[in-house]
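Here is the structure we will look at.
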Protein chains: 2
Amino acid sequence: MNLSVAEENYIKSIYKLEEGQESVTTTGLAYELDTKPASVTDMAKKLRDKKLIDYEKYQGISLTADGKKAALHIIRRHRLWECFLVDKLSFSWEEVHEIAEELEHIRSEKLINRLSDFLGNPTIDPHGDPIPDAQGRLGKQRTQISLDQARTKRLEVTAVSDKSNALLEFLTAKGIRLGTHLEVIERYEFDNSIEIKIRNQPAFTISEQVSKNIMVRPV
Amino acid sequence: MNLSVAEENYIKSIYKLEEGQESVTTTGLAYELDTKPASVTDMAKKLRDKKLIDYEKYQGISLTADGKKAALHIIRRHRLWECFLVDKLSFSWEEVHEIAEELEHIRSEKLINRLSDFLGNPTIDPHGDPIPDAQGRLGKQRTQISLDQARTKRLEVTAVSDKSNALLEFLTAKGIRLGTHLEVIERYEFDNSIEIKIRNQPAFTISEQVSKNIMVRPV
DNA sequence: GAAATTATTTAGATTTGTCTAACTTTTATT
DNA sequence: AATAAAAGTTAGACAAATCTAAATAATTTC
């Protein structure tokens, strides 16, 4: 299956929205791709014809098995290039996303598999997200700090799911990066904000919007 | 100046044809780009409007100073990626061209300059062609075996100017690669073919078409 | 459950890069 | 120099991906 850059971006965004539980709507996808709902409808028909998504008008969109496979291959390419940029070219965590966004569309199985070897076949990218293997198989997911039912106190940051510059810059400013150990001081039910503390720095509060995007594991 | 992939390919091909002395015609460029003369005429108008080429109808095409600069930047990207593929990902000489053809269109000054640093700022690519520096300055050219006025006997291959698979495979089959030392046995005026010998293997003859694309230096 | 609001789709237009077919200009031939 | 051939251009069409504006369906609200 040979996909255009536009088609690949749609598949990737649909995967991302599906991952975040909620159903994929025309408007939601348009927002995610910074385009208009009318354009999404057009592309939905095309992707349905290619059997990459299930789509009935007014009924929303979901990836087929083939679509999921395609998505995982695109994500593999994206995350491997991010590793390359950070590990080999000394880019910082925050600046790699945009460039990887372009590199991910270069389609050569051989290139990607050799790149993976060259990088030592990493299984997580610089943001802590798992890298699918050559067959599209994915390692296990981490937990969102806000969904942690066990109300764990001591946590380690393993990933950030939203890659917007705004969030990444905020986290950097706060000293939160991959591997950072943090302590949950308080969880406020009324707005789902969370008060946290890093080492011996003063505590501060993060909104649900932010905490939803921080993946953690108990430590 | 932000160029589309198509525009970049035109600029690169025009540069290549200009480098090979002859004037750049609509048909010649169409052949080089595997497209139709009508398409070339359309694009020529667009590139003229962007002041990258001089073009008057029926009068052929030539790069402006800006166009040359753009071409050298594209070539820099292409050749650096070729270095990466061969040096770091163990691709062979012959297979890198196509992939570099895609990678060259990723436009991030920072990416390319860091890639260059990572590779040790190479000045020639795996085919022996010089890599323009960040300012677009180019090292000195090598000589075509067929233009060697001095009629040198012992030569070293420093580059191959035509990157078509057909030629690269032919050269590999004959045992001609970068750095190969060869001895010119005879030059035939009537068809400009050249009889050469590599080490102690039997001599063979190469046509002008082939020899024109082999760059050499005396040894 | 009717009306209002929101979401989605359709129809028609636009841009980029390409094409074919017809036409024009230039170059080559005699 | 006239004509034939080759090279180049124009006009009109098309596919991909997008858009706006209008129409339709679904959902929410009262």
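All values reported here derive from a predicted model rather than from experimental measurement. Naming: A, B, ... by sequence-line order, numbering from 1 per chain.
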| said: Need one value for A/T26: base, sugar-phosphate or nothing, where a base atom within 4.0 Å counts as base even if backbone is also close, heavy atoms only. | reply: sugar-phosphate
Partners passing side chain to side chain contact (heavy atoms under 4.5 Å, CB included) against [X] (at least two apart in sequence or in another chain):
| X | value |
| --- | --- |
| B/K46 | B/E7, B/M43 |
| B/K51 | none |
| B/F170 | B/L167, B/K174, B/I206, B/V210 |
| B/H73 | B/K69, B/E109 |

| field | Global bending angle along the helix from C/dG1-D/dC30 to C/dT30-D/dA1, which compares the axes of five pairs at either end, to 10 degrees | value | 0°
| message | Between B/R79 and B/E104 (salt bridge meaning N to carboxylate O under 4.0 Å), is one present in this structure? | response | no
| query | Considering residues at least two apart in sequence or located in another chain, which fulfil the ring-ring contact (aromatic ring centres under 6.0 Å, His included) criterion with A/H105? | reply | none
| query | Which residues within residues 40-63 of chain B lie with some heavy atom under 4.0 Å of an atom in DNA chain C? | reply | B/D42, B/K46, B/Y58
Can you sort out the partners of [X] under side-chain hydrogen bond (donor to acceptor under 3.5 Å, both in side chains), two or more places apart, ordered by chain and number?
| X | answer |
| --- | --- |
| B/T123 | none |
| A/K110 | B/E95 |
| A/S116 | A/N121 |
| B/N165 | none |

| task | Using a cut-off of strictly less than 4.0 Å, decide whether B/T27 has a side-chain nitrogen or oxygen near OP1 or OP2 of D/dA6. | result | no
| So, is A/Y10 near the phosphate of D/dT18, with a side-chain N or O under 4.0 Å from OP1 or OP2? | yes
| said: With heavy atoms of chain A within less than 4.0 Å as the criterion, where does contact along DNA chain C begin and end? | reply: C/dA7 to C/dT10
| request: Assert yes or no for the condition that the ring centre distance of A/Y15 to A/Y10 is strictly below 6.0 Å. | output: no
| task | Could you pick out which residue, B/T25 or A/A38, lies toward the 5' side of DNA chain D when each is mapped onto its nearest nucleotide? | result | B/T25
| message | In whole Å, I'd like the distance from the NZ atom of B/K36 to the C1' atom of D/dA7. | response | 15 Å
